[in-house]
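Below is one structure, written out as structure tokens, with a few remarks after it.
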There are 2 protein chains.
Amino acid sequence: MSKRPADPANGSAPAARQVPMRDFSRSLPMSLLRAREAVMRQFRPSLREHGLTEQQWRILRALASIEAAEVTELARTAFLLGPSLSRILRDLEARNLIERKTAKADQRRSMVSISKEGVKLMASVAPTSEAIYAEITSRFGARKLAELQEMLGELEQSLAGLGAGNEASAEE
Amino acid sequence: MSKRPADPANGSAPAARQVPMRDFSRSLPMSLLRAREAVMRQFRPSLREHGLTEQQWRILRALASIEAAEVTELARTAFLLGPSLSRILRDLEARNLIERKTAKADQRRSMVSISKEGVKLMASVAPTSEAIYAEITSRFGARKLAELQEMLGELEQSLAGLGAGNEASAEE
DNA sequence: CGCATTCACTTAACATGTTAAGTATCTCCG
DNA sequence: CGGAGATACTTAACATGTTAAGTGAATGCG
């Protein structure tokens, strides 16, 4: 039995009744959410087999590419919020996948790095991950994929600094 | 933007740092995540002022457009998993923003609909939401936005049914 | 009819997202 | 030098994501 718990992904809402507001299923956030979910659905089973969540994997990948990093830097790289990262690092450290040591110059900072075990785990996951990514690229088209990512980057750029805290209007 | 070629002099020693893995900050999932976050960051403050989360807002919008729906149908429309929806509906019902009644034909199903209060709340949020969406459209460009959403849809399509339980290998 | 199976949810358990508050450390300025 | 403020996290609290298990109601089939 392929356990398929009714993924809310397929099926184009039939019986489209009168739509007063813009059909929200076509809103930009929904489009992005659905696309991302379609992609992540491919990776999650493999990661899960290795006992990793998507975020844990992001952190390991980030660490593998930058040697060692402060927590804040890592948060930026792996695109995680501080609190999430804090929890995940605690768990990864308990599993001996990463190592942490306080910076000598500044006791507030801690340098995080991937451990030997972490490297081994990555090596065991990477091939499958790459294969999946290759399959996605193949299905969607390498050129289109590059185009899409270009547009996503532009979107991000065009919104940079829009609600970024310099609104200076609403104080609490 | 294409994948970094592996160092040809490095023929062995699969140390993770030498693995020709793509810069993960440019992976498709990350691109999608960052783009979506850039967009949602615009909406969250406004929703928060009205005491709504992104998901609660999705549900209200979905209900407003389809009158009444079963929970499963609503999950598909709002792109939420059953458990999340179950919790949110419980809370929205407690706040009198939605109404629920069991279907007569099938006692298992319950029909969910938006309440008068829910409609009022939506009316108070919608203008700001629409304004934000308009600003985003303006900044990014309406044509490019349509193009982007087209590509996102194609991506979703091209991955449909890829990891959909056709593993055919591990059946418990 | 009886009962295993399926279905439509709901609960549970764990991990993360999100915001606010807390803690320890460092910096700067008087 | 010393305390106010900034900095780098960490904890806390609540909401959702994700998977597994539970519950009650229909269905199918002998």
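Both backbone and side-chain heavy atoms feed into the values below; hydrogens, waters and symmetry mates do not.
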From C-beta outward on [X], which listed nucleotide comes closest to its side chain: [options]?
X       : options                   : value
T53(A)  : dT16(C), dT16(D), dT18(C) : dT16(C)
S84(B)  : dA20(C), dT16(C), dG17(D) : dG17(D)
Q56(A)  : dT19(D), dT16(C), dG17(C) : dT16(C)
R109(A) : dG17(D), dT16(C), dC9(D)  : dC9(D)
P83(A)  : dT18(D), dT19(C), dC9(D)  : dT19(C)

Provide, to the nearest angstrom, the distance between the [atom1] atom belonging to [X] and the [atom2] atom belonging to [N].
X       : N       : atom1 : atom2 : answer
E37(A)  : dG17(C) : CD    : C1'   : 15 Å
R108(A) : dA8(D)  : CZ    : P     : 6 Å
R76(B)  : dA8(C)  : CZ    : C1'   : 14 Å
L89(A)  : dA15(C) : CG    : P     : 15 Å
R41(B)  : dG17(C) : CZ    : P     : 14 Å
I88(A)  : dC9(D)  : CD1   : P     : 15 Å
M40(B)  : dT16(D) : CE    : P     : 13 Å
L81(A)  : dA13(D) : CG    : C1'   : 15 Å

Ion pair [X]/[Y], N-O distance below 4.0 Å:
X       : Y       : answer
E147(B) : R143(B) : no
E37(A)  : R44(A)  : yes
R109(B) : E73(B)  : no

Classify the nucleic acid contact of [X] as base, sugar-phosphate or nothing, counting any heavy atom under 4.0 Å across all strands shown.
X      : value
L85(A) : nothing
E54(A) : nothing
E73(A) : nothing
E70(B) : sugar-phosphate

Using heavy-atom distances to pick each residue's nearest nucleotide on DNA chain C, tell me which of V71(B) and G82(A) is more 5'.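 Upstream on the strand: V71(B).
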Most 5' of S110(B) and P45(B) on DNA chain C, judged by nearest nucleotide: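 The residue whose closest nucleotide sits nearer the 5' end is S110(B).
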Phosphate oxygens OP1/OP2 of [N]: is one of them under 4.0 Å from a side-chain N or O of [X]?
X       : N       : answer
Q107(B) : dC9(C)  : no
R100(A) : dT10(D) : yes
Q55(B)  : dG17(D) : yes
R44(B)  : dT18(C) : yes

Determine the minimum heavy-atom distance between R95(B) and E117(B), stating which atoms define it.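 For R95(B) versus E117(B), the nearest heavy atoms are O-OE1, 4.2 Å.
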Please report the C-alpha distance between L152(A) and R34(B) in whole Å, then the side-chain angles of each, then the deciding distance to 0.1 Å, and finally whether the side-chain contact (heavy atoms from CB on, under 4.5 Å) criterion is met. CA-CA 8 Å; L152(A) 291 172; R34(B) 295 159 74 113; over 6 Å; no
Please tell me which of T72(A) and R87(B) maps to the more 5' nucleotide of DNA chain D, matching each residue to the nucleotide holding its nearest heavy atom.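 Here T72(A) is the residue nearer the 5' end.
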Atom NZ of residue position K144(B) - does it have more than 12 heavy atoms of other residues, nucleotides or ligands inside 6.0 Å?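 Yes, because the 6.0 Å sphere around NZ of K144(B) holds more than 12 heavy atoms from other groups.
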